[in-house]
Amino acid sequence: MFRANDSSRHCTRHRVGANLNKSHWAKMMIGLVLIAIFGTASTDSLASPPTSKVLWGAAMTIHGLPTHNLLFGSDLFSVSCASVGNCSAGGNYALNSKHSQAFVVDETNGVWGKAQAVPGFTPRDASESTQVYVISCPSAGNCSAGGIYSVRDNNTLIFVVDETNGVWGHAIEVPGSARIDSGGGSFITTISCPSAGNCSAGGILPVAYSQLSRGPS
Amino acid sequence: MDETNGVWGKALELTGPQSFNHNGAGVDSLSCASVGNCSAGGTFPKGTHGEPSFVANETNGTWGPAREIPRFAKLNVGGSSELRSISCGAPGNCDAVGQYQQKSGVTRAYIVSESKGAWGPAFNVPGLTKLNGRHMSSLTTISCSSKGNCSAGGYYGNGDRQIAFIVNEKNGIWGTPMAIPGLVVLNKDHTSYMQTISCASIGNCGASGTYSDSAGNAQSFLVNETNGTWGPAIVIQGLQNLKADSTDVLSISCATSFSCSAVGGFSAPNNNGAVIVSTKRQH
């Protein structure tokens, strides 16, 4: 199980691949040593329909991200689509070689806009790292997102931020999440919003917790 | 703290049985079918009861305690488990997936369903034993469009390879797991798995997973289910322009059967960056 102060938690939580390549790969390899190889034939399906009925466009990068020569540029961790052509996504981009900035990007009527730094972090916070990990949009232009920000002593705190009618508000620290006994790390791993302003989010403090909010529908 | 007018309330710690280790336990997945009616799941850290998976329900705005999945210990003889994903098709009707550990130490995928607010026992993926024996498997993601109608994805392996698979639940009955059509052609290095899934309506979902190309690099693929039929694995286009040598789609969301977006990152020799892939508009 992840530890509250394990900084890799948020990465492994979202990246099944990375997870596999580390702990799960290790577990799998141990398991594979233990089990007999029966020469099971490949069970991959060979039947391949000629085409998909759904047409995907080409991969695109996000406008408005800073340009620099750093190896890590940016990443997106979560997307939520409220209706056709109306989605929002969140992630982080590099500010410098050590710090990152949480950002969101909205698609409106099929057009993805520019990356927008999550509003509300103070200059002190902006000099450190902020990242959006989860997002949920119950209706077009109305989303909630959550993430973490790390402070100078390598402690990580969790924040939430709401978008109302297409405008992102300021990020706030989740009330009650800044715990003295947190041992250095809190993470937000999941969020679900059945309607605008009504969400629940979950994550980790020293013990399991849930955070919820109510607002007008 | 009161929860009104879109104001985030205070973080609540889930209560749970004292005999389980709570220190470091976390909610790994959560889903709300309606306002105030959600379910969450996670795993208790290693303790005297091993590492069992738990679920917790919110009913009409009040969170109940975290409880071990009913009769989970009978399945999780090896002791280690992970609840990976939970999705609620209707209030009090959710499904969750993850993996448990057999006595041999090998992990195996499980499904657990909630009906009318009561969680049943975890069970193996029907038909997966026929496909993969008692070898390694896991379910990593699930999405339910309505009560009893879900799709889940994961992977199984037999020692030589790891294969992404999907399994559908229709009207409360789980079907037979299937490997992703066409993926065998792409998965040159024989390592694939499902990462994320989103179902817009019954039988209409989008999903993404990862395979290993001939160079051993991880590449994401996209796959859609239309009217109950899963199409072939689709290679993400346009990566040449980014000079990407690997991709990692982490999240997908489908508003309708033909309208999805997926996001993640790509790796190129000199930089990594965020990437978005969206479906084309249907006319």
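No hydrogens, no waters, no symmetry mates; every other heavy atom, side chains included, goes into these values. First the proteins, then the strands, lettered A, B, ... as listed; each starts at 1.
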Nearest heavy atoms of [X] and [Y], plus distance in Å:
X      : Y      : value
A:W56  : B:K280 : O-CE, 3.8 Å
A:D162 : B:G6   : OD2-O, 3.6 Å
B:I276 : A:I62  : CD1-CG1, 3.8 Å
A:A82  : B:A255 : C-CB, 4.3 Å

Between [X] and [Y] (side chain of the first, backbone of the second, donor and acceptor by atom type, cut-off under 3.5 Å), is there such a pair?
X      : Y      : result
A:S177 : B:A11  : no
B:S259 : A:S83  : no
B:S253 : A:C81  : yes
A:S74  : B:A274 : yes

Select one option (side chain, backbone, both, neither) describing which atoms of A:A89 are under 4.5 Å from chain B's heavy atoms.
side chain
Toward chain B, the part of A:I172 with a non-hydrogen atom under 4.5 Å
side chain
Chain B: which of A:P138, A:G57, A:S144 shares the most heavy-atom pairs with it under 4.5 Å?
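Heavy-atom pair counts peak at A:G57.
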Top of A:N69, A:L71, A:T164, A:L65 for chain B proximity - count of heavy-atom pairs under 4.5 angstrom
A:L71
[X] side, atom [atom1]; [Y] side, atom [atom2] - distance, nearest 0.5 Å:
X      : Y      : atom1 : atom2 : answer
A:D75  : B:L250 : CG    : CG    : 6.0 Å
B:N271 : A:T67  : CG    : OG1   : 11.0 Å
B:E225 : A:K53  : CD    : NZ    : 10.5 Å

Looking at B:N224, B:V223, B:T196, which makes the most heavy-atom pairs under 4.5 Å with chain A?
B:N224
So which of B:L239, B:L222, B:N270, B:T256 has the largest heavy-atom pair count under 4.5 angstrom toward chain A?
B:L222
So among A:V134, A:V79, A:L76, which one has a side-chain contact (heavy atoms from CB on, under 4.5 Å) with B:S251?
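The residue from A:V134, A:V79, A:L76 that satisfies side-chain contact (heavy atoms from CB on, under 4.5 Å) with B:S251 turns out to be A:V79.
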Which answer fits [X], side chain, backbone, both or neither, if we ask what part of it has an atom under 4.5 Å from a heavy atom of chain A?
X      : value
B:L242 : side chain
B:F165 : neither
B:C260 : both

Is it true that B:S278 and A:W112 share a donor-acceptor pair across their side chains at a distance under 3.5 Å?
yes
